[in-house]
Amino acid sequence: MVAINNIKQFFPVERLKFSEAPNPSPGYSNMRDQVVRFKNPVLESWKQKIEEIGAKILQPLSRLEIVVSVSSEDIINQLRSFEEVSQVTPYVPKIRVQPQYLQNLGQLATKEAIATARLKAAQNPPSSQNRGTPLPGILIANFFTQEDRDLAAKNLESQEIRVADQPGTTKLVLDLSSDNNAIDSLKIIANQIGLKSLEEKVIPKLFNEEACHIIGRGVIPSNPTPTLGLTGQGEIIAIADTGLDTGESETLHLDFRERVQWINSYPIPSSLNSYILNPGSDDGASDTYSGHGTHVAGTALGNGEQAKKLGISSIPAGMATDAQLIFQAIEQTPKWNLEGQLFWLNSYHQNPPKSGLFGIPDDLKQLFEDAYERGARIHSNSWGGGEPGSYDGRCIDLDLFVWEHKSFLVLVAAGNDGKHRSSGTPAIEQGSVSSPGTAKNCLTVGASENNRNGQFSDVYGNWCPNDFPHLPFNSDGMVDSVDDIAAFSSRGPCQNGRRHPDVIAPGTFILSTRSSQIASNNFAWGAYPSAKEHYMYMGGTSMATPMVAGCAALVRQYLRERHQPSITDPSAALIKAALIHSATYIDYRFAHPSSKPYADNEQGWGRIKLQQVLNPAEPTQVLFIDEANGLKTGEKAEYKLQISDSQVPLKVTLVYTDYPGEDLINNLNLILYRPNNTYLLGNDFEGEGIPDTVNNVEGIIVETPEIGEWRIEVIAEVQQEQQDYALVISAGGLLRI
């Protein structure tokens with residue numbers, strides 16, 4: 001993909017001069033946005049000085065930078081004169097648009113062109129796109145403020161640029177599909193004052209029993225003892241996916257019936273109107289095409305009632321069998337206007353998909369808010385797409401909602417874009433995780449292999465020969481080792497170096513519920529002979545993610561009901577920290593050379609193993625700390641610990657929900673002091689003494705800790721408000737003093 005990530009590649013920097021306002025309409029703001037970079041972490045008194053000279057603070061950009069609006073060169077000069085400021089430069093919006101998709105828009109197709117395009121489509125079907133499906137000419141513009149957005153909308157409409165929608169408070173959906181001068185219109189859009197970023201509308205793609213025991217042994221009800229018997233009782237999991245079986249509560253698959261609190265179908269948003277004949281269509285919540293949503297829901301919380309009714313001894317149940325479900329159906333069936341744009345038909349999408357995730361709102365806040373208001377505190381998403389590793393508008397939506405709703409944990413699949421196309425290295429290519437899994441405040445889930453060796457002999461090369469043409473993956477079995485990462489599982493890092501995924505869970509040949517609405521011969525990855533009408537096998541990070549969502553429900557239930565003292569409303573950061581803390585870093589035989597001994601961009605912190613954090617063997621003790629009273633710049637929190645057993649590793653996990661932004665806005669650093677007062681830093685696996693300023697997850701593991709008093713410090717560099725956080729600590733004979 002060729003995307004414009006720096007506007008200077010496409011527009012001359014001179015556009016930023018004050019004398020070159022882009023044809024302002026009445027009331028159009030003439031302020032310009034500037035990036036103020038400080039020499040040190042920002043103090044509140046410095047912000048006050050900036051506002052006193054007449055600059056308006058718009059948003060933090062990183063831990064050392066803020067974006068301000070100014071009205072004159074004099075204010076810029078005053079900013080530069082501040083001793084604390086190292087640099088003042090014009091803000092350059094991020095433009096993620098492929099110009100070739102804007103060429104020749106607005107040309108109507110002739111009958112001859114349509115016939116030629118259909119012939120070409122039959123002879124050369126389009127290849128799948130890893131980044132999702134961008135719609136030519138449909139752009140999402142993100143602004144710093146609602147005022148900026150509203151003024152830009154008026155200005156663009158006055159210049160005959162179509163505003164298709166204004167979702168949320170700071171977004172515009174712009175439609176250039178019928179614009180004969182789309183490139184010129186793009187320049188006008190990019191020059192709007194207050195523009196933060198501009199990107200194509202991308203239609204996300206899906207990230208298509210034994211596994212439960214791999215990660216839930218000792219916690220969920222099962223034969224091994226001792227077990228906590230957690231079932232997710234009292235928890236509500238929200239899932240946004242294709243559909244749920246029949247879509248009607250009264251006739252659903254028995255594994256969900258009586259536990260569905262709300263089912264809602266989301267219509268096609270207005271941003272697609274130019275390409276379809278059924279604007280605003282909503283074909284309901286039934287799972288008609290792939291059965292993906294029904295399978296995902298069963299993996300999270302199916303209870304196996306249908307199998308019990310059939311007398312099947314091996315019950316294919318999900319992780320949280322007593323949890324309640326909110327289901328948000330986001331698959332829709334557009335009727336494509338193939339008589340419309342020549343470019344759409346001939347050059348871009350010769351075979352438009354019959355169905356897809358076309359119901360996803362242009363502002364994800366709608367999905368999250370609907371679930372949150374109905375009591376869900378866990379939200380599972382097995383879909384995504386976009387420029388690999390990038391931080392886009394969907395990431396902003398997610399990070400902002402969790403920042404404003406600190407108890408709402410969003411889980412996102414890492415993606416299935418792992419590939420091995422070079423015979424020179426036995427490692428999967430890196431950098432393929434996509435949005436919204438590239439956000440900071442979600443838990444991003446990759447896939448490990450399931451334990452079904454002997455049942456299935458499938459190898460990656462047979463399933464995906466173009467992605468795995470070489471050894472060792474070409475002939476590698478897909479279920480031959482629980483300590484293998486699934487070859488297709490997307491790897492990090494993000495473009496700014498942030499580590500993803502966070503954790504992994506089984507994602508190959510997962511047995512779960514089958515939709516009664518799909519074709520009678522559709523059994524996805526494989527039929528379940530004992531009850532093939534009701535259950536089937538599927539795989540992907542799509543299946544690993546709801547499994548971890550079910551784990552999140554178990555953790556939350558434990559903290560509310562079993563932990564002493566009870567944590568009645570645990571933060572998303574604490575649930576995320578507990579899940580990461582439970583993970584075991586696996587000794588992966590095809591590890592990338594950049595892999596680290598405790599966390600990397602292939603498996604994150606490792607495969608979930610709930611027993612390690614909820615029901616560990618003696619003498620291991622676990623502390624859960626949920627600090628709602630946040631820290632400000634220069635402040636620190638201190639915790640003293642007594643350890644009496646050196647045979648159990650000391651492990652500390654810090655997680656916090658950061659303010660939206662691609663880089664860290666608020667930076668917390670984790671420091672662990674030994675009894676002799678030497679120290680270790682979070683994520684400093686090589687012992688280089690360098691604090692992590694990229695990730696809002698930090699961890700320290702000491703394999704054989706000295707007996708005695710240890711001390712933890714959390715030190716703050718905070719740009720926005722104050723920063724709350726969560727800590728999970730485990731060790732042998734651990735006591736907080």
Side-chain angles (χ1 to χ4, degrees), residues 58-63 65-67 94 96 140 142-145 167-171 196-197 199 202 204 238 240 360-369 371-372 377-381 383-387 389-414 433-445 492-502 545 571-577 580 630 654-668 693-698 718-726:
L58 295 175
Q59 184 176 306
L61 193 61
S62 72
R63 49 190 283 270
E65 296 172 311
I66 59 175
V67 183
K94 288 193 173 181
R96 293 189 176 96
I140 308 291
N142 298 288
F143 291 84
F144 284 111
T145 68
T169 58
T170 58
K171 289 188 179 184
K196 182 163 59 174
S197 64
E199 58 199 53
V202 175
I360 296 177
D362 287 321
D363 191 330
L364 293 184
K365 180 180 179 181
Q366 183 180 347
L367 278 182
F368 299 149
E369 197 162 58
Y372 184 88
R377 295 297 179 265
I378 299 164
H379 197 282
S380 185
N381 303 271
W383 48 268
E387 182 186 350
S390 70
Y391 186 90
D392 62 12
R394 287 193 173 107
C395 295
I396 296 172
D397 293 346
L398 190 158
D399 282 347
L400 180 59
F401 192 86
V402 180
W403 171 261
E404 294 176 343
H405 303 79
K406 295 292 177 64
S407 61
F408 191 73
L409 177 64
V410 180
L411 299 96
V412 183
V433 175
S434 59
S435 168
T438 46
K440 291 182 291 191
N441 295 337
C442 62
L443 183 75
T444 304
V445 182
C494 300
Q495 289 180 1
N496 71 340
R498 182 166 52 252
R499 182 186 301 113
H500 272 322
D502 294 297
T545 302
S571 69
L574 183 60
I575 306 296
K576 181 176 175 179
I580 289 173
L654 166 72
V655 174
Y656 58 98
T657 295
D658 192 24
Y659 188 81
E662 181 169 10
D663 298 319
L664 288 185
I665 305 301
N666 296 340
N667 178 47
L668 298 183
T693 58
V694 177
N695 296 285
N696 58 331
V697 175
E698 292 194 13
V718 176
Q719 255 265 44
Q720 191 72 12
E721 300 178 17
Q722 58 184 23
Q723 186 58 61
D724 50 289
Y725 59 92

query = Atom OG of Ser62 and atom CD of Gln719: how far apart are they, to the nearest 0.5 Å?
reply = 7.0 Å
message = To the closest 0.5 Å, what do you measure between CG (Asp502) and NE2 (His500)?
response = 5.5 Å
key: Worked verdict on Thr693 versus Arg63 for side-chain contact (heavy atoms from CB on, under 4.5 Å)   = CA-CA 8 Å; Thr693 58; Arg63 49 190 283 270; 3.7 Å; yes
ask   = Is there a donor in the side chain of Asn441 and an acceptor in the side chain of Thr657, or the other way round, less than 3.5 Å apart?
value = no
remark   = Residues Pro501 and Gly492: closest non-hydrogen pair is CD-N, 4.3 Å
key: Ala572 versus Val402, closest heavy-atom pair with distance   = CB-CG1, 4.5 Å
query = Roughly how far, to the nearest 0.5 Å, is the CD atom of Glu199 from the CG atom of Asp392?
reply = 5.0 Å
key: Spacing of CG belonging to Leu654 relative to CG belonging to Asn696, to within rounding of 0.5 Å   = 8.5 Å
message = Taking the side chain as everything from C-beta on, heavy atoms only, tell me whether Leu367 gets closer than 4.5 Å to Pro361.
response = yes
query = Can you find a heavy atom in the side chain of Tyr372 that is under 4.5 Å from one in the side chain of Ser407?
reply = yes
Short side-chain to backbone donor-acceptor contact, Tyr656 and Asn666, under 3.5 Å = yes
ask   = Do side-chain atoms of Lys196 reach the backbone of Lys94 as a donor and acceptor pair under 3.5 angstrom?
value = no
request  = Check Gly393 against Lys171 and note the closest heavy-atom contact, atom names and distance.
outcome  = O-NZ, 4.0 Å
message = Does Ile396 form a side-chain contact (heavy atoms from CB on, under 4.5 Å) with Thr170? I'd like the steps, not just the answer.
response = CA-CA 11 Å; Ile396 296 172; Thr170 58; over 6 Å; no
query = Does a sphere of radius 6.0 Å around NZ in Lys406 hold more than 12 heavy atoms from other residues, nucleotides or ligands, not counting ones at 6.0 Å or beyond?
reply = yes
message = I'd like to know if the side chain of Asp399 reaches the main chain of Ala439, judged simply by a donor and an acceptor atom lying under 3.5 Å from each other, with no hydrogens or angles considered.
response = no
Flag, side chain of Arg499 to backbone of Pro493, donor-acceptor distance under 3.5 Å = no
ask   = Looking at NE2 of His379 and CG of Leu364, how far apart are the two atoms once the value is rounded to the nearest 0.5 Å?
value = 8.5 Å
Minimum-distance pair of heavy atoms, taken over all atoms of Asp397 and Asp362 = OD2-O, 3.9 Å
request  = Please round to the nearest 0.5 Å and tell me the distance separating atom CG of Leu443 and atom CD1 of Ile575.
outcome  = 11.0 Å
query = Is there a donor-acceptor pair under 3.5 Å between the side chain of Lys365 and the backbone N or O of Gly168?
reply = no
request  = Using a 4.5 Å cut-off on heavy atoms from C-beta on, say whether the side chain of Gln366 contacts that of Pro167.
outcome  = no
key: Heavy-atom pair of closest approach, residues Ser435 and Cys395   = OG-SG, 3.7 Å
ask   = Is the backbone N or O of Glu662 less than 3.5 Å from a side-chain atom of Lys440, with the two atoms forming a donor-acceptor pair by type?
value = no
task = Verify, without hydrogens or angle tests, whether Asn381 (side chain) and Leu411 (backbone) share a donor-acceptor contact under 3.5 angstrom.
result = yes
query = Any idea how Phe368 and Phe401 line up, ring-wise: parallel (<30°), tilted (30 to 60°), or perpendicular (>60°)?
reply = tilted
ask   = For Arg498 and Thr438, which heavy atoms make the closest approach, and how far apart are they?
value = NH2-O, 2.6 Å
